[in-house]
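Below is one structure, written out as structure tokens; the observations come after it.
Positions are given from 1, in the same order as the sequence printed here. Excluded from the calculations below are hydrogen atoms, water molecules and symmetry mates; all remaining heavy atoms, backbone and side chain alike, are included. Just so it is clear, the structure is predicted and the values come from calculations on it, not from any experiment.
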Amino acid sequence: MAFGPGHVPGAVIPGAGPSGKPGSRPTVKLREADPDDPPRYAPEWLELREPADAAGRAHDLLDPLRIRLANMPGKSGVVIHDLGCGTGSMGRWLAPRLDGAQHWILHDRDPYLLHFAAVSSPRSAADGSRVTVETRRGDVARLTPDALQGASLVTASALLDVLTREEIDTLAAACAGAGCPALLTLSVAGRVELSPSHPLDAELTQAFNDHQRRDGLLGPDAVTAAAEAFSEQGATVRLHPSPWRLGPEQAALTEQWLRGWVGAAVEERPELRAEADVYLTNRLAALAAGELRVTVHHVDLLALSRPGGGAS
């Protein structure tokens, strides 16, 4: 993994740790912000997590999605809106697993990431059909059915947990209004398992989860809220686990995740700092020795809105 020239060994890559500014996600403009605000998700973090994301995503949700897309009326191809696309990992994972021509519309606030996502996107579907892309910079948390007009599918990764309940309701309503399904992956579930275990694991987990809920964001409650919101719009909702399983082969990702996880917990509960510093030192030593394994639980959600849109 080649980190950028500004990366300091032992430091947390932006995106792996606390976001710094409450109420915003680095690559997605969720709140009003200065347009010159720098993004705070480094491409290095998105690149580092991509293999774990790909391994974790729920393949079991693909068959019902394929069936829905194949049965959409009057479609010679599919139009897919990828919200908060980052470097485009969702497209690289999903496009080669779907048949037929695809046009991906990539949404993000960071023009550099949008460019990277566009140039690195797949060009062929599973059956060899053509895949094309376009990019849109801006706010994805206020989507309307009009913005999704003609959409066949909405996708996102690690997005739900940085939304408010109102924003999730808006997203569900937009998808229902457009009559398109949504595949929303890798939302944090609020559970981690570290082996060997440590007495401080549970306390840090709770502090991290509380940090995720700051400023009205849903954090680990997001998947439940999204399932309710899509169901209320008349969609059929399926949930499936999508955990990261991190062992010695994922040591670089585990280190960044661990530093960010502990950092967010301490930011939420500063009184934990002394214990957490010792904890982190010991955990990193175990990681370096190949003795630490971590499971970070996520959930994937597939919402199958009624074709044509609207709830009953």
Side-chain angles (χ1 to χ4, degrees), residues 1-26 40-53 55-56 158 161-162 186-215 217-222 241-299:
M1 177 73 203
F3 296 123
H7 179 67
V8 178
V12 180
I13 300 174
S19 64
K21 184 173 182 179
S24 66
R25 176 188 173 187
R40 289 177 297 278
Y41 270 13
E44 292 89 346
W45 168 245
L46 302 178
E47 182 183 358
L48 191 60
R49 64 174 290 170
E50 184 167 347
D53 287 349
D161 40 83
V162 293
L186 298 163
S187 299
V188 295
R191 293 186 299 117
V192 300
E193 297 166 19
L194 296 96
S195 179
S197 62
H198 186 283
L200 203 57
D201 291 346
E203 199 166 1
L204 289 172
T205 297
Q206 184 59 55
F208 176 83
N209 290 344
D210 290 343
H211 187 278
Q212 294 289 95
R213 296 184 178 106
R214 285 183 170 191
D215 302 293
L217 306 186
L218 287 171
D221 307 318
S242 53
W244 282 355
R245 301 190 188 280
L246 308 179
E249 299 79 11
Q250 296 82 27
L253 174 60
T254 306
E255 177 186 347
Q256 286 296 315
W257 171 83
L258 188 61
R259 290 181 182 276
W261 183 69
V262 172
V266 170
E267 188 175 276
E268 180 67 22
R269 291 186 54 190
E271 70 273 16
L272 290 175
R273 181 173 298 280
E275 286 182 281
D277 285 348
V278 175
Y279 173 95
L280 181 59
T281 297
N282 292 337
R283 285 303 201 188
L284 292 175
L287 176 64
E291 298 168 354
L292 180 66
R293 283 164 174 75
V294 180
T295 300
V296 183
H297 290 277
H298 304 98
V299 180

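Annotation: the span from Leu292 atom CG to Asn282 atom CG amounts to 11.0 Å, rounded to 0.5 Å. Note: Arg259 CZ to Arg283 CZ = 14.5 Å, rounded to the nearest 0.5 Å. We find the CH2-CZ distance between Trp244 and Arg49 to be 4.0 Å, quoted to the nearest 0.5 Å. Atom CG of Asn209 sits about 10.5 Å away from atom CZ of Arg191, to the nearest 0.5 Å. In this structure, CG in Leu194 is found 7.0 Å from OG1 in Thr205, a value given to the nearest 0.5 Å. In this structure, the separation between CD on Gln250 and CG on Leu253 is 7.5 Å, given to the nearest 0.5 Å.
When all heavy atoms of Asp161 and Val188 are compared, the closest pair comes out as OD2-N, 3.1 Å. Nearest heavy-atom pair, Leu272 versus Ala207, reported as atom, atom and distance to 0.1 Å: CD1-CB, 4.1 Å. Contact between Ser242 and Leu186 at its shortest, heavy atoms only, is O-CD2, 3.6 Å. Between Gly290 and Pro248, the shortest heavy-atom distance links the atoms O-CG, 3.9 Å. Contact record, Thr295 with Pro243: CG2-CB, 4.0 Å, taken as the closest heavy-atom pair. In terms of heavy-atom proximity, Pro196 sits nearest to Glu291 at CD-O, 3.5 Å.
For the salt bridge (charged side-chain N to carboxylate O under 4.0 Å, His left out) test, no residue two or more places apart in sequence or in another chain qualifies with Arg293. Under the salt bridge (charged side-chain N to carboxylate O under 4.0 Å, His left out) criterion, Asp277 pairs with no residue at all, not counting sequence neighbours. In this structure, the side-chain hydrogen bond (donor to acceptor under 3.5 Å, both in side chains) partners of Glu50, at least two apart in sequence or on a different chain, are Arg92. Arg213 meets the salt bridge (charged side-chain N to carboxylate O under 4.0 Å, His left out) test with Asp210, Asp221; sequence neighbours excluded. Taking the side-chain hydrogen bond (donor to acceptor under 3.5 Å, both in side chains) definition, one finds that Glu275 meets it with nothing, sequence neighbours left out. For the salt bridge (charged side-chain N to carboxylate O under 4.0 Å, His left out) test, no residue two or more places apart in sequence or in another chain qualifies with Glu249.
The side-chain heavy atoms of Glu193 and His297, taken from C-beta on, include a pair separated by under 4.5 Å. Side-chain contact between Gln212 and Leu217 is absent, with no heavy atoms from C-beta onward closer than 4.5 Å. Side-chain contact check for Tyr279 versus Asp201: some heavy-atom pair is nearer than 4.5 Å. Annotation: side chain of Glu268 is in contact with side chain of Arg214 (closest heavy-atom distance under 4.5 Å). Using a 4.5 Å cut-off on side-chain heavy atoms (C-beta onward), Glu203 and Arg269 make contact.
Taking the six-membered ring where the residue is Trp, Phe208 and Trp261 present tilted rings, their angle falling between 30° and 60°.
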